[in-house]
There are 2 protein chains.
Amino acid sequence: MKKISSRFSVATHILVMMALSPPLTGDQMAASVQTNPVVIRRIIGQLKKAGLVNVKAGVGGATLRKDPCNITLLDVYRAVEVVQDNELFSFHEDPNPDCPVGANIERLLRKVMQEAQMAMEERLSQVRLQDLVGQLEIEN
Amino acid sequence: MKKISSRFSVATHILVMMALSPPLTGDQMAASVQTNPVVIRRIIGQLKKAGLVNVKAGVGGATLRKDPCNITLLDVYRAVEVVQDNELFSFHEDPNPDCPVGANIERLLRKVMQEAQMAMEERLSQVRLQDLVGQLEIEN
DNA sequence: AACAGATGTAACTATACTAGTTACAACAAG
DNA sequence: CTTGTTGTAACTAGTATAGTTACATCTGTT
């Protein structure tokens with residue numbers, strides 16, 4: 001029932017802003033997203049750790065550390081650690097090894113679900129930050 | 001986030017069991033999954049609601065209601081409602097409409113993420129319950 | 001008719017993630 | 001030194017998960 005955290009969409013939002021008009025302070029980005037600045041700072045921290053942005057201490061201001069052509073949405077998705085252990089699906093532990101199904105099903109399921117996850121991530125990897133930036137520029 | 005609930009893998013597990021040796025009681029399935037029978041009954045309830053299984057009241061015993069060739073993992077995934085509103089990704093509400101990015105980013109992101117979600121679901125729809133059953137039968 | 005075993009739920013628990021909030025130390029430029 | 005910003009810690013409310021106990025209800029069997 002859960003969804004993937006909005007950290008991902010917020011992170012993409014602020015990265016697009018940085019691509020368009022750097023440098024930006026956390027407060028400016030928070031104003032565009034309309035959330036608390038601390039929420040933004042936490043996400044910036046993750047993006048920094050992933051090497052996607054630079055932040056000037058003291059005076060403030062965040063900028064992209066890579067060309068927006070070289071940042072994919074998969075990079076962003078991974079940076080904000082929206083999925084634990086990079087595994088989207090979870091499994092019930094310790095199925096009964098004495099049951100022919102219990103003993104073997106997990107291995108089969110892991111394979112299938114890994115493929116499904118990869119299909120999703122592959123689609124994300126095909127979208128570059130620049131693609132979003134370009135679409136916004138055309139419209140304005 | 002964390003992960004997609006293990007309800008999905010558990011549901012698949014017990015459907016495979018039902019395909020191999022019906023009818024099965026909740027306790028038998030719980031023994032194979034190694035969890036509490038109520039957890040199984042709740043999942044069975046969702047599968048029943050989705051029209052995937054039949055349950056005999058009183059005497060007990062669950063069976064598939066469709067041919068395992070006609071049940072895909074996407075059917076199971078949808079049945080157990082692991083994702084709220086069928087939307088895998090979530091968005092931060094009310095971005096600032098006065099910001100050119102805030103005003104337009106959500107629409108772009110929704111499109112991209114919907115495509116990513118569809119890529120994943122498409123992969124799940126390509127796997128039939130029978131495929132898993134067949135692989136288990138070969139091995140035993 | 002009574003019994004035994006199964007299902008269907010309600011209610012409660014512990015755990016964990018999310019998103020927001022307040023508070024404050026550290027920093028850097030003017 | 002002042003000012004505005006960043007980086008965190010700590011706390012909150014809300015919610016999903018998965019497990020558990022308890023119990024009413026149902027049905028085939030004896």
Side-chain angles (χ1 to χ4, degrees), chain A residues 1-11 13-14 18 22-31 33-50 53-63 65 80-95, chain B residues 1-11 13-14 18 22-31 33-50 53-63 65 80-95:
Chain A
M1 318 233 154
K2 257 301 213 208
K3 296 169 186 265
I4 285 175
S5 162
S6 67
R7 278 202 305 277
F8 179 33
S9 68
V10 171
H13 179 151
I14 64 181
M18 285 182 231
L24 289 163
T25 68
D27 282 26
Q28 290 170 315
M29 295 185 271
V33 176
Q34 299 213 117
T35 185
N36 192 290
V38 175
V39 172
I40 300 293
R41 285 182 226 157
R42 280 199 282 241
I43 292 173
I44 293 278
Q46 295 185 287
L47 296 175
K48 201 167 60 168
K49 207 166 74 177
V53 304
N54 269 326
V55 180
K56 276 193 100 172
V59 59
T63 51
R65 200 165 152 188
V80 293
E81 290 169 333
V82 95
V83 165
Q84 166 190 344
D85 304 323
N86 256 327
E87 291 214 328
L88 181 59
F89 295 92
S90 63
F91 300 86
H92 190 279
E93 295 117 43
D94 315 316
Chain B
M1 87 168 163
K2 0 169 20 118
K3 297 163 187 265
I4 285 176
S5 162
S6 66
R7 280 202 301 279
F8 179 32
S9 68
V10 171
H13 180 150
I14 64 181
M18 284 183 233
L24 288 164
T25 69
D27 282 23
Q28 289 171 315
M29 295 186 272
V33 177
Q34 298 216 116
T35 185
N36 192 293
V38 175
V39 172
I40 299 294
R41 285 181 225 160
R42 281 199 283 242
I43 293 174
I44 293 277
Q46 294 185 288
L47 297 175
K48 200 166 62 170
K49 207 165 75 178
V53 305
N54 269 326
V55 180
K56 276 194 101 171
V59 60
T63 52
R65 198 165 153 189
V80 293
E81 291 168 331
V82 280
V83 165
Q84 166 188 345
D85 304 322
N86 256 328
E87 292 214 327
L88 182 59
F89 295 92
S90 63
F91 300 86
H92 189 279
E93 295 117 42
D94 316 315

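Note that the structure is predicted; figures quoted are calculated from it, not measured. What's counted below: heavy atoms across the whole structure, side chains too, no hydrogens, waters or symmetry copies. A, B, ... follow the sequence lines: proteins, then strands. Residue 1 opens every chain.
- Rounded to whole angstrom, the span from the CZ atom of B:F8 across to the C1' atom of D:dA16 amounts to 18 Å.
- Residue A:H92 has no polar side-chain atom (N or O) positioned under 4.0 Å from OP1 or OP2 of D:dT17.
- In the set D:dC26, C:dA19, D:dT6, the nucleotide with an atom closest to the side chain of A:V55 is D:dT6.
- Note that OG1 of B:T63 and NZ of B:K56 are 9.0 Å apart. Values are rounded to the nearest 0.5 Å.
- Between B:I40 and the options B:L24, B:T25, B:V10, a side-chain contact (heavy atoms from CB on, under 4.5 Å) holds for only B:V10.
- Look at CD1 on B:I43: it is 13 Å from P on C:dG8, rounded to the nearest Å.
- Note: CD (B:Q84) to C1' (D:dT17) measures 14 Å, nearest angstrom.
- Separating the NZ atom of A:K49 from the P atom of D:dT6 is a distance of 19 Å, rounded to the nearest angstrom.
- For the pair A:T35 and C:dA19, the criterion of a side-chain N or O lying under 4.0 Å from OP1 or OP2 is not met.
- Taking atom NZ of A:K48 as the reference point, atom P of D:dT5 lies 16 Å away to the nearest angstrom.
- Side-chain proximity of B:I44 to the nucleotides C:dA19, C:dG8, D:dG19 is greatest for C:dG8.
- Between atom CZ of residue B:R41 and atom NZ of residue B:K48 there is a gap of 12.0 Å, rounded to the nearest 0.5 Å.
- If you find the closest nucleotide of DNA chain C to B:R42 and to B:T25, the one lying nearer the 5' end belongs to B:T25.
- Shortest non-hydrogen contact noted between A:M18 and A:V53 is SD-CG1, 3.7 Å.
- Checking C:dC27, D:dT5, D:dG19 against the side-chain heavy atoms of A:D27 singles out D:dT5 as nearest.
- Note on A:V38: a base of the nucleic acid sits closer than 4.0 angstrom, heavy atoms only.
- If you measure from atom CD of B:E93 to atom C1' of D:dG14, you get 13 Å, rounded to the nearest angstrom.
- The base of D:dT25 is not paired with the side chain of B:R41 by any donor and acceptor separated by under 3.5 Å.
- Atom NZ in A:K2 sits roughly 7 Å away from atom P in C:dA19 (whole-Å rounding).
- Mapping B:V39 and A:L24 onto DNA chain D by nearest heavy atom places A:L24 closer to the 5' end of the strand.
- Using a 4.0 Å heavy-atom cutoff across all strands shown, A:G58 reaches at least one base atom of the nucleic acid.
- No contact: A:G45 has no heavy atom under 4.0 Å from any strand.
- When all heavy atoms of A:D94 and B:Q34 are compared, the pair lying nearest together is O-NE2, 2.8 Å.
- Atom-to-atom, CG of A:N36 to C1' of C:dG20 comes out at 6 Å; the value is rounded to the nearest Å.
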